[in-house]
Amino acid sequence: MENVRNLDLLPQPMLQRMMQYGIAIDRDHFRELSRRLDEEMRILEAEICSYIPPEKLQEFISRSNLSSEDDYLPMNVDSGAQLARLFFDVMGIGSGRELKQTKSGNRISTGKKQLEQLKRGNPVVQKTLDYRERAKLKSTYTDALPQLAREHLARTCWCGLKHWDTTYRIHSEFLSTRTDTGRFASKNPNLQNIPVRTELGRLIRAGFIPSPGCRLVGVDFSQEEMRIGAHLSRDRNLIRIFNEGLDPHEETARIVFKIPADQKPDKLSQRDPARHLNFGIFYGLTPMGLQDQLGVTYATAGTELPEWITEEWCAELIADWYSGYSGVVDYIDQQRYRARRYGIVWTMMGRVRRVPEVRSVHRWIREAGLRQAGNAPIQGTGADWMRLVMGKLEPVFLELLNLGVWVWPLLTIHDELMVEVEELYAEYVRDRMIDAFESVLTDEDTGECVFRVPIKAEGKMMDYWKKGN
DNA sequence: CAGCACGGCGCG
DNA sequence: ACCGCGCCGTGCTG
């Protein structure tokens, strides 16, 4: 009952305010970005089409589904099916290598992982990757977002004087009961998947801005899920790492690669794989999954995946991770036991996740259920924390509003909460938020905290939405 | 024309 | 075929 109040009811007012008020965007920024992407895509698609041999042109034209506006092109570069025909049937790219089929087995996959493997074989592959990145960003973000923006008066603040200014704002819908783990979901548009990982993607993030006279303030839990994993599993090593304030990815690299205490792990070949292990383990990582993931990492770094990264090598790495963090193995096993025995697993706060899949007659379904059982308490506890934080901060923000300080919640992305604040108070609000995050499990009366490792949060103030500080 | 499954990909 | 989401374009069907 207490959980229903704290986890389900208390976040609602803040969610309502996020949805109702929205977040401001710079429409011209997106329009300019769309124009640029369009320009680059036209060049890339023409280049890609130029790889069609002359004698095959008619065949491609007849099979493509292009509208009259772009019928100067013989094929539709957005179509995976048509690309597969060009690459694998006509050009013979990757012949002699093992090529992944699509799930339904109709054709060879043209997905990123596959293309990364093949991009040294022929320049058309890299061009396709570049085209894909741009097509994704344009259709999902730079074209769509300005369309969704509505003119909206916003409370702003100039030199301490409050007034109302015209802004163009996006009103996403945040769903409280959509996910199986307790996380929130966001739709129309989804504000929880705005790009950040690539340089080009970060230009899209930059189109999200505070109301005039305000700053964006973002606070997130640092290494939230691993800390939760450390607590729930009571693993000695994991707990020690966080209590001593060490970098968990670096420490994991030390463990699995047996690096002497006086040496630093190499970023690409040691720290990055260790990082993927740390995240992946709680997802039920398989050797093949790890190998795939590392393939992408190396390809992104512009290097070929080294010969010695085989499935067996990945399996050993996972085994080494397990022996380094044996408490985590026991913990995951316990969750799997509960899933099989009771059909449910639960978070630190007692939020329940049903996992009927573990009793399926189908092996694949069963195994997926067991992975979900291992992951759900961790991901779900993280979601619980955000719910508690929102419940705790709501009265803080309302109090500030009553005092005449403009502060308004904008969005939440699982372990992160973003608000806008009038400039003078941004730093203050950031620090209040960090406090709220870090004391999420601290009893307000006794000051006691039962968590086995420190809970850390990071905050930043921004004039536009960006990564880092 | 709308609706759907699929392949693909953005985020934590 | 590694957890949790939502959205895009294609290609097909009713």
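A note on names: the letters A, B, ... follow the listed sequences, proteins ahead of strands, and every chain is numbered from 1.
Backbone-only contact: Tyr141(A) has heavy atoms under 4.0 Å from sugar-phosphate atoms and none from a base. Contacts of Ile194(A) with the nucleic acid, taken as non-hydrogen atoms under 4.0 Å apart, involve only primed sugar atoms and P, OP1 or OP2. Residue contacts shown for Asp220(A) are absent, as no nucleic acid heavy atom lies under 4.0 Å away. Across all strands, Glu224(A) comes closer than 4.0 Å to no nucleic acid atom at all (heavy-atom distances). Across all strands shown, Asn188(A) has heavy atoms under 4.0 Å from sugar-phosphate atoms exclusively, and none from any base.
Side chains of Thr142(A) and Ser34(A): a donor on one and an acceptor on the other come within 3.5 Å.
You'll find that the side chain of Arg178(A) is closest to dC5(C), out of dC5(C), dG11(C), dG9(C). Nearest to the side-chain atoms of Arg353(A) among the listed nucleotides dG6(C), dC11(B), dG4(C) stands dG4(C). Checked against dG4(C), dC7(C), dC5(C), the side chain of Ala185(A) finds its nearest nucleotide in dC5(C). Proximity note for Asp78(A) (side chain, C-beta onward) versus dG9(C), dG6(C), dC2(C): the nearest is dG9(C).
Counting to the nearest Å, the P atom of dC3(C) and the CG atom of Asp415(A) are 19 Å from each other. Straight-line distance from the CZ atom of Arg63(A) to the P atom of dT10(C): 17 Å, rounded to whole Å. We find that CG of Leu148(A) is positioned 11 Å from C1' of dC7(C), with the value rounded to whole Å. Here the C1' atom of nucleotide dC7(C) and the CD atom of Glu173(A) are 15 Å apart, to the nearest Å. Atom-to-atom, CG of Leu203(A) to C1' of dG10(B) comes out at 15 Å; the value is rounded to the nearest Å.
For the atom pair CZ of Phe60(A) and SG of Cys49(A), the computed distance is 9.0 Å after rounding to the nearest 0.5 Å.
Close to dG6(C), at under 4.0 Å from its OP1 or OP2, lies no side-chain N or O of Ser186(A). Thr179(A) has no side-chain polar atom (N or O) that falls below the 4.0 Å cut-off from OP1 or OP2 of dG4(C). Applying the 4.0 Å criterion to OP1 and OP2 of dT10(C), one finds that Asn76(A) has a side-chain N or O inside that range.
Centre separation under 5.5 Å together with a plane angle under 30° does not hold for the ring of Tyr283(A) and the six-membered base ring of dC2(C), so they are not marked as stacked.
Shown here are the ring-ring contact (aromatic ring centres under 6.0 Å, His included) partners of His276(A), two or more places apart in sequence or in another chain: there are none.
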Please write out each protein N/O paired with an N/O of nucleotides 12-14 of chain C under 3.5 Å, distance rounded to 0.1 Å.
none

*What string of B, S and - do you get for nucleotides 3-9 of chain B 5' to 3' if you count protein non-hydrogen atoms under 4.0 Å?*
---SSBB

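Side-chain contact check for Trp465(A) versus Leu411(A): some heavy-atom pair is nearer than 4.5 Å.
A tilted orientation is assigned to the rings of Phe279(A) and His249(A), their planes being inclined by 30° to 60°. By the 30° and 60° cut-offs, the orientation of the rings of Phe221(A) relative to Phe437(A) is tilted.
Judged by distance alone with a 3.5 Å cut-off, a donor-acceptor contact links the side chain of Arg197(A) to the base of dG12(B).
Shown for residues 354-382 of chain A: residues whose heavy atoms fall under 4.0 angstrom of DNA chain C, namely Trp364(A), Arg371(A), Gln372(A), Asn375(A), Gln379(A). Residues from residues 314-339 of chain A placing a heavy atom under 4.0 Å of any atom in DNA chain B do not occur.
Helix bend of the helix from dC1(B)-dG14(C) to dG12(B)-dC3(C): the angle between its two end axes, each built from five pairs, comes to 10° after rounding to 10°.
Residues His231(A) and Phe242(A) place their aromatic rings such that the two centres sit no closer than 6.0 Å.
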